[in-house]
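Report on one structure; see the data block that follows.
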Amino acid sequence: NDFPLAVHVEAAKGGKEEALESDVLLVSIGRRPFTDSLGLDSVGVKVHEKSRRIQVNDHFETDTPGIYAIGDVCDKGPMLAHKAEEEGIACVERIVTGYGHVNYGAIPSVVYTHPEVAWVGMTEEEVKASGTEYKAGVFPMTANSRAKTIDEADGMIKIISDAKTDRILGGHIIGTAAGELVAELVLGIEYGASSEDIGRTSHAHPTFSEAVKEACMATYDKPIHA
């Protein structure tokens, strides 16, 4: 084909059509679990008719005792490799010790674009829908020294916390190294940290991680550099 390629896009809710030109086009049409040819019916393992994902209980056991499913093929959580890893550990621990758990509210997601996009926990819309009173803080990467120094200042970090307890409910990052920065917020959510806990923790300067600290400061009070 002649280059550049052109893709015509239009908003799902309607709007003006727009043509995007590029030299390379990556087509991503989604994923589906590979369950149809496993012979699950022969052993009584049930799958959802539409998604074809295997039905499991809270301990990853299927309708057939002794048969377990984790990862992309089971009907819990997003189809992510790191989620599957946690499920594998929890599943085996449950079988061996009787205890095993995965906190699906602390599973990070990352879009590996440039700049990257990463998030964990609840979105602001989800928090609103739950009826929880909340606070939100935003810190722009344009105010981060490391980002400005290497000319990677596009993006921002947004933190959402419970208005009464300040417990972190969600974190959303757009910018360089977002997939790395989100780990601190995953840890915070997993252990019930408040935005002030992270905001009062020393972060090396100059680093991208300072933007996480400042976003947390913006949530419980106000940042220093924005």
Side-chain angles (χ1 to χ4, degrees), residues 76-87 89-90 101-226:
K76 290 186 176 295
M79 297 173 73
L80 297 170
H82 48 277
K83 182 224 60 162
E85 181 178 346
E86 298 302 321
E87 288 178 335
I89 294 171
H101 174 69
V102 175
N103 180 4
Y104 291 101
I107 300 294
S109 296
V110 183
V111 180
Y112 296 98
T113 49
H114 184 78
E116 292 182 353
V117 182
W119 65 95
V120 63
M122 303 174 72
T123 64
E124 187 169 359
E125 290 74 18
E126 289 172 337
V127 175
K128 284 182 180 178
S130 72
T132 302
E133 295 182 15
Y134 70 93
K135 299 178 294 182
V138 176
F139 185 79
M141 297 305 290
T142 52
N144 176 262
S145 299
R146 180 68 178 275
K148 289 191 293 185
T149 300
I150 65 172
D151 196 24
E152 292 284 350
D154 291 334
M156 46 80 75
I157 298 179
K158 180 179 182 179
I159 307 296
I160 303 167
S161 72
D162 187 291
K164 296 179 180 179
T165 66
D166 193 36
R167 181 172 62 87
I168 297 173
L169 302 175
H172 311 270
I173 305 172
I174 301 174
T176 298
E180 306 294 335
L181 297 176
V182 75
E184 182 172 16
L185 299 177
V186 174
L187 184 66
I189 289 178
E190 182 66 40
Y191 287 94
S194 66
S195 66
E196 188 170 358
D197 287 334
I198 294 179
R200 291 189 177 276
T201 301
S202 178
H203 289 62
H205 174 80
T207 61
F208 286 113
S209 68
E210 288 180 289
V212 176
K213 172 188 175 76
E214 298 257 20
C216 286
M217 293 177 70
T219 305
Y220 74 86
D221 190 4
K222 60 183 180 181
I224 294 177
H225 299 101

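Just so it is clear, the model here is predicted, and its values are computed rather than measured.
Two residues are said to be in side-chain contact when any heavy atoms from C-beta on lie closer than 4.5 Å; Ser130 and Met122 meet this criterion. Glu214 places a side-chain heavy atom less than 4.5 Å from the side chain of Ile224. Annotation: side chain of Tyr134 is in contact with side chain of Lys128 (closest heavy-atom distance under 4.5 Å).
Shortest non-hydrogen contact noted between Leu169 and Ile189 is O-CD1, 4.0 Å. Heavy atoms only, all atoms of each residue included: His82 and Pro108 are closest at NE2-O, 2.7 Å. Among all heavy-atom pairs drawn from Ala177 and Glu116, the shortest one is C-OE1, 3.7 Å. In plain terms, the two heavy atoms of Ala106 and Glu190 that are nearest each other are CB-OE1, 3.5 Å. Taking every heavy atom of both residues into account, Ala118 and Val182 meet most closely at CB-CB, 3.9 Å. Residues Ala136 and Lys158 share a closest heavy-atom pair of CB-CE, 4.3 Å.
The backbone N or O of Glu124 sits nowhere less than 3.5 Å from a side-chain atom of His172 that would complete a donor-acceptor pair. When atom types are taken as modelled, the side chain of Lys148 and the backbone of Ala153 share no donor-acceptor pair closer than 3.5 angstrom. For Glu152 (side chain) and Gly175 (main-chain N/O), no donor-acceptor pair under 3.5 Å exists by modelled atom type.
Under the 3.5 Å distance criterion, with hydrogens and angles disregarded, no donor-acceptor pair is assigned to the side chains of His225 and Glu210. Judged by distance alone, the side chains of Tyr104 and Glu86 never bring a donor and an acceptor atom under 3.5 Å apart.
In this structure, OG1 in Thr149 is found 8.0 Å from CG in Asn144, a value given to the nearest 0.5 Å. From Asp162, atom CG reaches atom OG1 of Thr219 across 12.5 Å, with rounding to the nearest 0.5 Å. Rounding to the nearest 0.5 Å places CZ of Arg146 at 10.5 Å from NE2 of His205. How far CD1 of Ile157 is from OG of Ser209: 9.0 Å, rounded to the nearest 0.5 Å. Atoms OH and CD1, on Tyr220 and Ile198 in that order, are 11.0 Å from each other to the nearest 0.5 Å. The CD1 atom of Ile168 sits 10.5 Å away from the NZ atom of Lys135 when rounded to the nearest 0.5 Å.
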If you apply the rule side-chain contact (heavy atoms from CB on, under 4.5 Å), what do you find for Phe139 with Lys213, and how did you get there?
CA-CA 9 Å; Phe139 185 79; Lys213 172 188 175 76; over 6 Å; no

Which is it for Val110 and Leu80 under the side-chain contact (heavy atoms from CB on, under 4.5 Å) test, yes or no, and what are the steps along the way?
CA-CA 10 Å; Val110 183; Leu80 297 170; over 6 Å; no

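Within a 6.0 Å sphere centred on CD of Glu180, other residues, nucleotides and ligands contribute 12 heavy atoms or fewer.
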